[in-house]
Amino acid sequence: MLEMEIAALVRFMDPLNLKTYFKELPEGFATPSVYFPPPEVSSGTHSLSAYSNVFSLFMKVFGKNSAESYYYASQIEKSILGRRSRIPLYDKDGKPAGKSFRIDKVGIKNIDTGVTQVTLDWKTLTAYDDETYIKAVNFFYEGLALSLIHISEPTRHSLIS
């Protein structure tokens, strides 16, 4: 799922015409550009059926100078917040999946000359890997299928307890 979210972010920023990098930056890299390092992940429990992962992505936006990098970073922030922090997801073929994920927090910070960091936080929920059980199809009580027997309320309580 994470690959879909990063790909969705890259596609979301297409209108800014930023060169994107995912591995180590090459010598003489292009500006303006944005570097996507692997996100930081912290996990926790959510419910009895799912756990949560909180992703923090520290993108670096590069410009010819600090003003240019900050400008592009602020355009990223404005685009995300202007769309209610929802980033549309795409399937493996690049077609809209009809789903989106929500950015919970956007932060901007100048970290060096010509470099502005954009921090994006979002949360995902994932179902636990449950053990597989064979489920009963029919339940019989004294030879008759339970669904065919009419059980009065007092009898039902006595069967349960």
Side-chain angles (χ1 to χ4, degrees), residues 1-139 147:
M1 183 71 168
L2 178 60
E3 295 83 14
M4 284 181 72
E5 292 160 353
I6 299 295
L9 284 167
V10 171
R11 187 154 183 183
F12 186 80
M13 292 187 291
D14 272 351
L16 296 176
N17 294 316
L18 297 170
K19 174 78 173 150
T20 54
Y21 295 100
F22 301 96
K23 297 181 180 180
E24 299 303 318
L25 291 171
E27 292 235 5
F29 61 89
T31 59
S33 60
V34 62
Y35 170 63
F36 289 86
E40 290 183 9
V41 182
S42 61
S43 59
T45 57
H46 174 70
S47 68
L48 293 176
S49 59
Y51 63 92
S52 66
N53 281 322
V54 177
F55 295 92
S56 295
L57 180 64
F58 301 94
M59 299 183 315
K60 296 191 178 41
V61 179
F62 298 94
K64 293 178 182 146
N65 52 47
S66 295
E68 184 180 64
S69 67
Y70 188 85
Y71 167 78
Y72 282 108
S74 66
Q75 292 301 304
I76 292 169
E77 177 196 36
K78 182 180 177 182
S79 295
I80 291 170
L81 296 176
R83 290 179 178 83
R84 298 183 182 183
S85 301
R86 293 184 184 148
I87 308 296
L89 291 169
Y90 297 87
D91 65 16
K92 293 176 185 176
D93 299 322
K95 296 178 183 167
K99 297 179 181 179
S100 62
F101 71 101
R102 185 180 191 119
I103 301 293
D104 296 320
K105 181 180 170 187
V106 181
I108 299 175
K109 176 178 157 181
N110 276 334
I111 58 173
D112 203 349
T113 304
V115 185
T116 302
Q117 180 173 282
V118 176
T119 304
L120 302 177
D121 294 339
W122 70 92
K123 181 169 132 178
T124 62
L125 301 176
T126 306
Y128 289 120
D129 296 330
D130 287 331
E131 296 179 28
T132 305
Y133 298 97
I134 297 173
K135 296 181 181 179
V137 176
N138 295 315
F139 181 77
S147 61

Check your understanding: Where the side chain of Arg83 meets the backbone of Pro88, is there a donor-acceptor pair that is under 3.5 Å apart?
Key -> no

Exercise for review: Kindly indicate whether the side chain of Trp122, heavy atoms from C-beta on, has any atom under 4.5 Å from the side chain of Leu57.
Suggested key: yes

Review point. Say you draw a straight line from CD1 of Ile111 to CD of Gln117; how long is it, rounded to the nearest 0.5 Å?
Key: 4.5 Å

Review point. For the atom pair OH (Tyr72) and CE (Met13), what is the distance rounded to the nearest 0.5 Å?
Key: 13.0 Å

**Study point:** For Pro15, side chain to side chain contact (heavy atoms under 4.5 Å, CB included) partners two or more places apart
**Key:** none

Review point. If you measure from CG on Leu18 to CZ on Phe62, what distance do you get to the nearest 0.5 Å?
Key: 11.5 Å

Study note, to complete from the structure: Correct closest heavy-atom pair for Leu89 and Met4 would be CD2-O, 3.8 Å

Review point. Out of curiosity, Ser79 OG to Leu9 CG, how far, rounded to the nearest 0.5 Å?
Key: 11.5 Å

Point to revise | Interatomic spacing from OG in Ser69 to CD1 in Ile108 - rounded to 0.5 Å | key: 10.0 Å

Point to revise | side chain to side chain donor-acceptor pair (under 3.5 Å) contacts in which one or both residues fall within residues 87-110, not counting sequence neighbours | key: Asn110-Thr116

Revision key, fill the gap. Side chain to side chain contact (heavy atoms under 4.5 Å, CB included) filter on Tyr51, not counting sequence neighbours, yields Asn53, Thr126, Tyr128

Practice item. Check for a donor-acceptor pair, side chain of Ser66 on one end and backbone N or O of Gly114 on the other, with a separation under 3.5 Å. Key: yes

Check your understanding: Has the side chain of Tyr70 got a donor or acceptor atom that lies under 3.5 Å from a matching backbone atom of Gly63?
Key -> no

Revision key, fill the gap. Between Lys23 and Tyr35 the two heavy atoms that sit nearest each other are O-CE1, 2.9 Å

Review point. Can you find a pair of side-chain heavy atoms, one from Pro26 and one from Tyr21, that are under 4.5 Å apart?
Key: yes

Point to revise | Heavy-atom closest pair, residues Glu68 and Asn65 | key: N-OD1, 2.8 Å

**Study point:** Side chains of Val34 and Leu16 in contact at under 4.5 Å (non-hydrogen atoms)
**Key:** no

Review point. Does the side chain of Phe55 reach to within under 4.5 Å of the side chain of Thr124, using non-hydrogen atoms?
Key: yes

Check your understanding: CD of Glu77 to CD1 of Ile103: how many Å apart, nearest 0.5 Å?
Key -> 12.0 Å

